[in-house]
Each structure stands twice: as structure tokens, then as C-alpha cells.
Amino acid sequence: MDTSWDVVIVGGGAAGLMAAAAAAERGRRTLVLEKNKKLGVKILMSGGTRCNLTHHATPRQMADEFREAARFLYKSIGQFPPQAVIDTIEAEGVFTKVEENGKVFPISDRAIDIRDALVRRTERVGAVLLSGVAVQNITHDPALGFRCATSNGEYSGTSLILCTGGKSYPGCGTTGDGYAWAEAFGHTITPLHPALTPLLSSDNWVHDLSGITLPRVRVEAWGESSSRAEASRCGPLLFTHTGLSGPEPMNLSRFYTNPNSSEIKIMRVDFLPDISVEEWNSSVRNNQKNRSRSSIAARLEGELPQRLIDCLLSLAEVPRDRRLAELSGAELKRLTHVLKSCPVHISGTKGYDKAEVTAGGIALAEVNPSTMESRCFPGLFLAGEILNVDGPIGGFNFQAAFSTGTLAGKNA
């Protein structure tokens with residue numbers, strides 16, 4: 001096999017496969033080096049092996065979900081938006097569906113179909129994919145370009161695209177190798193921490209509710225002495241035997257792992273997000289005015305699971321059989337608090353082992369958002385999770401990987 005290439009891509013995941021196809025389509029002799037025996041291992045695991053590949057949203061809506069990284073992603077997602085991802089996959093014979101929550105999946109519900117479609121496309125346009133080949137070191141030679149020393153010899157390329165991912169799910173091979181190589185070429189790595197990972201709680205009542213899933217709550221990340229929430233999300237929550245999981249607690253997990261937010265230790269949960277405190281109190285008082293014989297537990301049935309109702313009444317120190325008409329002002333105040341702003345003490349997270357993405361990474365100011373080329377070292381391109389971009393659950397992170405990978409491949 002040739003050892004000299006126009007473009008060498010390190011990493012055969014979502015960003016790497018898209019970058020390889022885009023580069024090869026331009027006639028660039030393109031090589032992908034992947035240390036795992038399988039390509040796209042994280043794709044295969046994603047979405048419970050269903051692969052939530054993108055989200056039904058406009059390019060601007062997609063980018064805005066990345067908060068401070070939104071402006072950086074406008075151009076890449078604008079050039080390769082969600083519909084382009086869908087069109088690319090469906091052109092390979094894998095048809096997709098949009099679920100009620102906006103998530104896009106293959107109709108087959110098989111992540112392997114997405115991975116195979118990306119590999120098939122990449123090979124068809126002429127890129128060469130080498131799996132089971134671990135890159136050990138990368139240097140640059142003015143005459144040879146970027147030199148990649150691997151377990152299978154040395155390969156060189158005029159351009160290099162790093163698509164090595166972050167540190168999340170290290171069992172997938174994403175062990176943070178790319179950060180050191182990027183630093184060697186002059187890049188700054190912003191503090192790394194796990195994101196989209198389950199939360200741990202020291203509250204026994206949380207553990208007692210293990211297995212209960214709530215389709216819609218509001219969760220807020222708070223510091224113990226904060227006067228306002230650091231972040232807020234609304235959607236599903238799952239109680240586990242160790243704490244909280246589900247999309248929205250996991251979406252806020254970055255605030256509990258961020259080294260710059262060490263004070264954040266509480267999550268407040270609004271179990272009735274579609275009714276205000278004033279509306280809730282008014283409804284109870286109306287029942288009291290009408291001398292309702294119904295119990296407070298009966299009032300909450302149909303809105304919350306029975307085990308949760310019992311738990312919240314216990315936390316509020318309100319007897320389960322207390323009639324609405326007999327509820328004291330102090331009891332109503334305590335109950336309103338646990339229903340609308342229930343504090344959950346967060347003692348930690350499941351960390352990188354269960355994190356879907358890595359927060360932090362290569363500083364975005366050092367990367368040209370129009371090309372994904374390094375501003376520190378010409379000829380070096382960066383795409384995917386290695387960048388300081390992390391979005392919420394729902395196909396957003398795959399979209400960022402597909403978009404930045406494609407843009408890198410079109411310019412490398």
C-alpha cells in the first residue's frame with residue numbers, strides 16, 4: 001500500500017467518515033486510519049443501537065443549541081444541514097423517520113445501517129479505510145508533510161484531519177489521543193469534562209423512586225448559594241438507584257462536571273412544569289373554597305405516578321389522606337415547594353465511562369469556522385468532538401460531527 005497521500009484522516013467515526021468522503025469526492029487521495037477493528041464504533045452504540053443521526057430543525061436552531069459555540073458552527077451546519085445528512089444517508093438506501101420529539105432515526109432502528117451507509121459511500125468515492133491501525137505519533141516534515149507513525153508503519157499526507165473524538169465512552173477507543181497531537185501543533189485545549197452523563201445523588205428518596213420515568217419535568221442546575229439557575233431544561237427524567245438520568249438531567253450534567261462551576265451541587269425539579277405556582281395555588285384554594293372532600297393525593301393522581309406522589313407528600317410532611325379543604329397554609333407552602341422546586345442534592349456523575357460527549361477541547365478561536373483549518377498550523381484540519389463543542393441529546397452532536405467533518409474534507 002502507498003504510504004504517501006494527499007489527505008490523511010485520523011479517526012474513522014462520524015466526522016472522519018464524512019471528511020473522507022468529502023475529500024475523496026474532490027479527487028484527493030484520501031486515507032483514514034482507525035485504531036479500532038471496527039469503523040464507527042460510537043455510531044453503532046448510539047441511541048440504544050438505533051442511532052439518532054440528526055434532529056428535525058433548521059441549521060440555525062441546530063447551531064443555537066451549542067450555546068457559546070453556536071456562532072462557530074453556523075457556517076459548517078449551514079453548509080451541511082440536517083436535510084443534507086438525511087439525503088446523504090437515504091442516497092445509500094437507508095431511509096429515515098422523524099419521531100415526535102424531532103429526533104431522526106433510520107426506519108430500521110438499526111445503527112449498523114447508518115454506519116454501513118457511511119462506509120459504503122466513503123469507499124465508493126475512492127477513500128481508503130484502514131481499521132485496526134493505531135496512530136502512535138504525528139510529526140510534520142517540510143518535505144513529506146504530516147507523518148503518522150502507526151502500528152502498521154508510517155503514512156504521510158499533505159493535509160491532516162484530526163477526527164479522534166474526545167474522552168467519552170473510552171471503551172469505543174475515544175481516549176483523548178488527539179488532544180496531545182493538537183497541542184504539539186500549537187493548539188490550546190480548554191478544560192475537559194464529561195457531558196451528557198447520568199447524575200449521582202446522595203438523597204435516599206431519589207433512590208427509592210428508581211425505575212420511574214417522567215415524560216415532562218423542568219430541571220434546573222443551581223449552586224448552593226446561587227440566586228438564580230445556571231441552566232434550565234424541560235423534558236424527560238428517569239430516577240435510578242444512584243440518582244437521575246434521562247435526557248434532561250444528562251443535558252445539564254456538564255454544569256456539574258465543569259471545573260469552573262464547582263459550586264453547583266443542586267438540581268431543582270418542577271414536577272408540574274405546565275402550571276405556574278400561582279395557578280397551582282389558585283386551583284387548590286378553589287377546591288378549599290368549594291369544601292372539596294377529595295384528598296390531596298387524589299388531586300395529583302393522573303398527573304404523577306403514585307409512588308412519586310407518596311414520596312413528595314412525605315417530603316412535604318403532608319398526610320396522604322389530607323383533604324384539600326383541610327390543607328393548612330403551611331402544608332400548601334411546603335407541598336408547592338416540593339412539587340415546583342424540589343431540590344435534589346447532586347454528589348457527582350457517572351463520568352466519562354457513561355458520558356455521550358466530552359465538553360471542552362480545542363479552542364474554537366484557533367480554528368477557521370469556514371474551512372475547519374487550524375489557525376495555528378497550516379494544513380492541519382480539525383473536526384468533530386475534539387473541538388470545544390458539545391450539544392444536547394437529540395442528534396445534535398452527530399450533526400456537528402457530520403457538518404464539521406464535511407467542511408474539513410472539502411478544504412483539506
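No experiment lies behind these values; they were computed from the predicted model shown.
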Using distance only, find each side-chain donor-acceptor pair of residues 160-167 under 3.5 Å and give its atom names and separation, not counting sequence neighbours.
none

Hey, does [Y] have a side-chain heavy atom less than 4.5 Å from the side chain of [X]?
{"X": "Val119", "Y": "Leu17", "value": "yes"}
{"X": "Thr175", "Y": "Lys35", "value": "yes"}
{"X": "Leu214", "Y": "Leu308", "value": "yes"}
{"X": "Ser156", "Y": "Trp5", "value": "no"}
{"X": "Trp280", "Y": "Val277", "value": "no"}
{"X": "Asn281", "Y": "Leu332", "value": "yes"}
{"X": "Leu129", "Y": "Glu123", "value": "yes"}
{"X": "Leu53", "Y": "Ile89", "value": "yes"}

Rounded to the nearest 0.5 Å, how far apart are [atom1] of [X] and [atom2] of [Y]?
{"X": "Ile77", "Y": "Thr404", "atom1": "CD1", "atom2": "OG1", "result": "8.5 Å"}
{"X": "Leu130", "Y": "Leu33", "atom1": "CG", "atom2": "CG", "result": "6.0 Å"}
{"X": "Asn388", "Y": "Phe72", "atom1": "CG", "atom2": "CZ", "result": "9.5 Å"}
{"X": "His345", "Y": "Ile266", "atom1": "NE2", "atom2": "CD1", "result": "4.5 Å"}
{"X": "Met372", "Y": "Asn368", "atom1": "CE", "atom2": "CG", "result": "7.5 Å"}
{"X": "Phe271", "Y": "Leu339", "atom1": "CZ", "atom2": "CG", "result": "8.0 Å"}

Does [X] use its side chain to pair, donor to acceptor, with the backbone of [Y] at less than 3.5 Å?
{"X": "Ser282", "Y": "Glu278", "value": "no"}
{"X": "Asp6", "Y": "Ser159", "value": "no"}
{"X": "Arg28", "Y": "Ala412", "value": "yes"}
{"X": "Ser374", "Y": "Leu380", "value": "no"}
{"X": "Arg268", "Y": "Trp222", "value": "no"}
{"X": "Asp203", "Y": "Trp205", "value": "no"}
{"X": "Asn52", "Y": "Thr54", "value": "yes"}
{"X": "Thr49", "Y": "Met45", "value": "no"}
{"X": "Arg334", "Y": "Glu317", "value": "yes"}
{"X": "Tyr352", "Y": "His193", "value": "yes"}

Classify the side-chain pair [X]/[Y] by whether it contains a donor and acceptor separated by less than 3.5 Å.
{"X": "Glu248", "Y": "Asn251", "answer": "yes"}
{"X": "Gln399", "Y": "Ser403", "answer": "yes"}
{"X": "Ser4", "Y": "Asp2", "answer": "no"}
{"X": "Ser341", "Y": "Asp270", "answer": "no"}
{"X": "Lys354", "Y": "Thr197", "answer": "no"}

Is the His140 ring parallel, tilted or perpendicular to the Phe146 ring (thresholds 30°, 60°)? perpendicular
In terms of relative ring orientation, are Phe396 and His55 parallel, tilted or perpendicular, with 30° and 60° separating the classes?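 Taking His55 first and then Phe396, their aromatic rings lie parallel (interplane angle under 30°).
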[Y]/[X] salt bridge by N-O under 4.0 Å criterion:
{"X": "Arg307", "Y": "Asp208", "answer": "no"}
{"X": "Arg147", "Y": "Glu154", "answer": "yes"}
{"X": "Glu385", "Y": "Lys42", "answer": "yes"}
{"X": "Glu303", "Y": "Arg216", "answer": "no"}
{"X": "Arg375", "Y": "Glu366", "answer": "no"}

Looking at Tyr74, does the NZ or CZ of Arg60 lie under 6.0 angstrom from its six-membered ring centre and within 45 degrees of the ring axis? yes
With side chain to side chain contact (heavy atoms under 4.5 Å, CB included) as the criterion, how do Met18 and Phe80 come out once you've worked through the C-alpha distance, each side chain's angles and the decisive distance to 0.1 Å? CA-CA 11 Å; Met18 281 293 190; Phe80 196 73; 3.8 Å; yes
Check against side chain to side chain contact (heavy atoms under 4.5 Å, CB included), Arg218 and Glu220: CA-CA 7 Å; Arg218 180 172 297 282; Glu220 297 177 337; 4.2 Å; yes
Could you walk me through whether Ser210 and His241 pass the side chain to side chain donor-acceptor pair (under 3.5 Å) check? CA-CA 5 Å; Ser210 178; His241 68 285; 4.8 Å; no
Please report the closest heavy-atom contact between [X] and [Y], naming both atoms and the distance.
{"X": "Pro319", "Y": "Glu331", "value": "CD-OE2, 3.9 Å"}
{"X": "Pro273", "Y": "Lys340", "value": "CA-NZ, 4.2 Å"}
{"X": "Gly11", "Y": "Glu34", "value": "C-OE1, 3.7 Å"}

Just one of Glu356, Glu68, Glu230 clears the salt bridge (Lys or Arg N to Asp or Glu O under 4.0 Å) bar with Arg254, so which one?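 When Glu356, Glu68, Glu230 are each tested with Arg254, the salt bridge (Lys or Arg N to Asp or Glu O under 4.0 Å) holds only for Glu68.
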Candidate pair Lys265 and Ser202, rule side chain to side chain donor-acceptor pair (under 3.5 Å), full reasoning: CA-CA 11 Å; Lys265 297 182 184 299; Ser202 56; over 6 Å; no
For Val133, run the side-chain contact (heavy atoms from CB on, under 4.5 Å) check against Thr150, Val10, Asn36 and tell me which one passes.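 Going through the options one by one, the only one that passes is Thr150.
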Distance-only donor-acceptor pairs under 3.5 Å for side chains of residues 95-108, two or more places apart:
unit_1: Thr96; atom_1: OG1; unit_2: Glu90; atom_2: OE2; d: 2.9
unit_1: Lys97; atom_1: NZ; unit_2: Asp109; atom_2: OD1; d: 3.0
unit_1: Lys97; atom_1: NZ; unit_2: Asp109; atom_2: OD2; d: 3.1
unit_1: Glu99; atom_1: OE2; unit_2: Arg50; atom_2: NH2; d: 2.3
unit_1: Asn101; atom_1: OD1; unit_2: Lys103; atom_2: N; d: 3.1
unit_1: Ser108; atom_1: OG; unit_2: Arg110; atom_2: N; d: 3.3
unit_1: Ser108; atom_1: OG; unit_2: Asp113; atom_2: OD2; d: 2.5

Ser370 and Lys75: side chain to side chain donor-acceptor pair (under 3.5 Å), yes or no, with the steps? CA-CA 6 Å; Ser370 297; Lys75 289 187 178 179; 3.0 Å; yes
Would you check, one step at a time, whether the test side chain to side chain contact (heavy atoms under 4.5 Å, CB included) holds for Met267 with Leu244? CA-CA 10 Å; Met267 175 167 284; Leu244 300 176; 3.7 Å; yes
More than 12 heavy atoms of other groups within 6.0 Å of Arg71 CZ: no
Begin from the C-alpha positions of Leu237 and Thr213 and carry the test side chain to side chain contact (heavy atoms under 4.5 Å, CB included) through to its verdict. CA-CA 6 Å; Leu237 172 149; Thr213 298; over 6 Å; no
